[in-house]
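In what follows, a single structure is set out as structure tokens and then discussed.
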Amino acid sequence: MRIFDPHIHMTSRTTDDYRAMRDSGVQALVEPSFWLGQPRTSVGSFLDYFDALLGWEPYRASQYGIAHHCALALNPKEANDPRCVPVLAELDRYLRKDSVVAVGEIGYDSMTPAEDEALAAQLQLAVDHELPALVHTPHRDKVAGVTRTVDAVRASALPTERVLLDHLNETTVKAAKDSGCWLGFSVYPDTKMDEERMVRLLREYGPEKVLVNSAADWGNSDPLKTRKVADAMLADGFDEDDVDLVLWRNPVAFYSLSGRLDLGERPEADDYAGNVLRRGTPIDG
């Protein structure tokens with residue numbers, strides 16, 4: 001079984017998680033920019049974070065043969081913080097990097113005017129850089145949030161078929177599907193979807209243009225949720241081709257819209273910026 005996790009925050013995860021993911025079938029992932037759990041206080045903290053997503057995390061992933069790509073953006077929550085908004089001026093040079101396959105996460109948190117402005121600006125950056133967009137739909141008032149998100153996308157120059165609406169559930173899936181966007185579902189303990197609900201939605205709406213992710217981060221999350229969805233699909237009677245479509249071919253198709261997705265074998269570098277992950281490995285000879 002091959003699995004592509006299209007939304008996971010590995011900067012919050014341990015190296016053991018990389019090993020377990022690879023053992024469960026994960027061969028590729030995309031790590032989007034997100035809120036770190038406490039407020040950033042300067043643009044420089046974003047730039048260090050972006051550099052880590054472009055360098056350090058791909059190095060860690062390469063130790064386990066996992067292809068690591070990223071999406072970069074000013075996230076919706078911090079779009080409300082005047083200390084963070086100037087990072088929008090820095091994104092142009094970062095979005096040119098080879099391993100950046102989308103602009104994201106962008107979208108809404110509290111649906112404020114500041115979030116409207118940041119979303120519109122970053123949808124235009126996606127157009128300018130010929131990248132798709134990974135859009136975070138809000139965790140509160142989700143129906144209104146998806147409606148507002150779709151309106152913002154339609155007001156932009158970015159076609160809906162280049163947009164992935166994430167964190168969908170039973171209350172928002174129909175509107176998202178009708179919009180023509182790709183459909184993203186986060187399977188996450190306690191607060192989002194679970195495997196059984198995901199399988200029921202796949203039965204009702206079909207697997208086309210559906211991406212399933214773990215959204216694993218610093219919270220109570222599980223980086224193996226993609227595999228658990230695959231197993232639940234098989235147990236419910238879906239066949240292996242259905243599983244491969246949802247867990248591999250759909251995320252490959254979406255992120256291939258960037259023209260930058262590289263799923264080739266990753267060389268194992270000896271070190272990165274002076275850090276040697278395998279420093280405790282016995283040396284032959």
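Note: hydrogens, waters and symmetry copies are ignored here, and every other heavy atom, side chains too, is used.
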As an exercise, state the distance from [atom1] of [X] to [atom2] of [Y], rounded to the nearest 0.5 Å.
| X | Y | atom1 | atom2 | result |
| --- | --- | --- | --- | --- |
| Lys177 | Glu208 | NZ | CD | 6.5 Å |
| Ile8 | Ile66 | CD1 | CD1 | 8.5 Å |
| Ser42 | Asp48 | OG | CG | 8.0 Å |
| Asp81 | Arg83 | CG | CZ | 4.0 Å |
| Glu78 | Cys84 | CD | SG | 4.5 Å |
| Leu29 | Ile3 | CG | CD1 | 12.0 Å |

Exercise for review: Carefully, step by step, assess Lys225 and Asp5 under the rule salt bridge (charged side-chain N to carboxylate O under 4.0 Å, His left out).
Suggested key: CA-CA 9 Å; Lys225 280 293 191 182; Asp5 192 328; over 6 Å; no
Point to revise | Pairwise side-chain hydrogen bond (donor to acceptor under 3.5 Å, both in side chains) hits with a residue in residues 142-163, at least two apart | key: Asp116-Arg148
Exercise for review: Only pairs at least two apart or in different chains count here, so list each side-chain hydrogen bond (donor to acceptor under 3.5 Å, both in side chains) that has a residue in residues 26-37.
Suggested key: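 As it turns out, the side-chain hydrogen bond (donor to acceptor under 3.5 Å, both in side chains) pairs with a partner in residues 26-37, which skip direct neighbours, are Glu31-His68.
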Looking at side-chain heavy atoms only, is the closest gap between [X] and [Y] below 4.5 Å?
| X | Y | answer |
| --- | --- | --- |
| His7 | Leu134 | yes |
| Ser214 | Tyr188 | no |
| Ser110 | Arg140 | yes |
| His167 | Met193 | no |
| Val187 | Asn213 | no |
| Val101 | Leu131 | no |
| Asn250 | Lys209 | no |
| Glu195 | Val199 | no |

Point to revise | Chi angles and distances behind the side-chain contact (heavy atoms from CB on, under 4.5 Å) call for Leu36, Tyr49 | key: CA-CA 10 Å; Leu36 292 181; Tyr49 173 53; 4.1 Å; yes
In terms of hydrophobic clustering (I, L, V, M, F, W, Y; side-chain heavy atoms under 4.5 Å; direct or indirect links), are [X] and [Y] co-clustered?
| X | Y | answer |
| --- | --- | --- |
| Ile106 | Val43 | yes |
| Leu54 | Tyr18 | yes |
| Leu245 | Phe4 | no |
| Val243 | Val26 | yes |
| Val212 | Tyr205 | yes |

If you compare all heavy atoms of [X] against all heavy atoms of [Y], which two are closest, and at what distance to 0.1 Å?
| X | Y | answer |
| --- | --- | --- |
| Pro58 | Ala52 | CD-O, 3.9 Å |
| Arg22 | Gly65 | NH1-O, 3.2 Å |
| Val173 | Leu183 | CG2-CD1, 4.3 Å |
| Leu158 | Val163 | CD2-CG2, 3.6 Å |
| Pro32 | Val30 | CD-O, 3.4 Å |
| Ala114 | Asn80 | CB-OD1, 3.7 Å |

Practice item. Please assess Thr11 against Trp56 for the test side-chain contact (heavy atoms from CB on, under 4.5 Å), listing each intermediate value before the final yes or no. Key: CA-CA 9 Å; Thr11 192; Trp56 172 242; over 6 Å; no
Backbone N/O of [Y] and side chain of [X]: donor-acceptor pair under 3.5 Å:
| X | Y | result |
| --- | --- | --- |
| Ser179 | Cys181 | yes |
| Gln63 | Tyr59 | yes |
| Gln122 | Val103 | no |
| Trp182 | Leu165 | no |
| Arg60 | Met10 | yes |
| Lys97 | Asp51 | no |
| Asp17 | Thr14 | yes |
| Thr112 | Glu115 | yes |
| Arg227 | Ser24 | yes |
| Thr137 | Val146 | no |

Practice item. Could you walk me through whether Ser12 and Asp217 pass side chain to side chain donor-acceptor pair (under 3.5 Å), step by step? Key: CA-CA 5 Å; Ser12 304; Asp217 55 15; over 6 Å; no
Practice item. State plainly whether the residues Arg19 and Asp23 are in salt-bridge range, i.e. N to O under 4.0 Å. Key: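 A salt bridge is absent here (no side-chain N lies under 4.0 Å from a carboxylate O).
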Check your understanding: Would you call Lys228-Asp222 a salt bridge at under 4.0 Å N-O?
Key -> yes
**Study point:** Within 6.0 angstrom of Glu170 CD, more than 12 heavy atoms from elsewhere
**Key:** yes
Practice item. Give the C-alpha distance, both sets of side-chain angles, the deciding distance and a yes or no for salt bridge (charged side-chain N to carboxylate O under 4.0 Å, His left out) between Arg249 and Asp244. Key: CA-CA 6 Å; Arg249 301 198 309 274; Asp244 191 68; 2.9 Å; yes
Check your understanding: Will you find, in the side chains of Asp92 and His129, an N or O donor that is under 3.5 Å from an N or O acceptor?
Key -> yes
Exercise for review: Might you work through the side-chain contact (heavy atoms from CB on, under 4.5 Å) test for Val135 and Glu105, ending with a clear yes or no?
Suggested key: CA-CA 5 Å; Val135 179; Glu105 299 177 53; over 6 Å; no
Practice item. Identify, with sequence neighbours excluded, every residue that meets side-chain hydrogen bond (donor to acceptor under 3.5 Å, both in side chains) alongside Asp109. Key: none
Practice item. Check whether NZ of the Lys or CZ of the Arg Arg260 lies under 6.0 Å from the centre of the six-membered ring of Tyr255 and within 45 degrees of that ring's axis. Key: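 No, a cation-pi geometry is absent between Arg260 and Tyr255.
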Review point. Angle class for the His9/Phe34 ring planes (parallel below 30°, perpendicular above 60°, tilted otherwise)?
Key: parallel
Exercise for review: Using the test salt bridge (Lys or Arg N to Asp or Glu O under 4.0 Å), find all partners of Arg203 that sit at least two apart in sequence or belong to another chain.
Suggested key: Asp236
Practice item. With sequence neighbours left out, write down each residue that passes salt bridge (Lys or Arg N to Asp or Glu O under 4.0 Å) with Asp178, or none if nothing qualifies. Key: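 For Asp178, the residues satisfying salt bridge (Lys or Arg N to Asp or Glu O under 4.0 Å) (neighbours in sequence not counted) are Lys174.
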Practice item. Show the numbers, then the answer: is there a side-chain contact (heavy atoms from CB on, under 4.5 Å) between Val246 and Phe185? Key: CA-CA 11 Å; Val246 173; Phe185 297 88; over 6 Å; no
**Study point:** ring-ring contact (aromatic ring centres under 6.0 Å, His included) partners of residues 87-106, not counting sequence neighbours, each pair once
**Key:**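 Counting only pairs at least two positions apart or across chains, the ring-ring contact (aromatic ring centres under 6.0 Å, His included) contacts touching residues 87-106 are Phe50-Tyr94.
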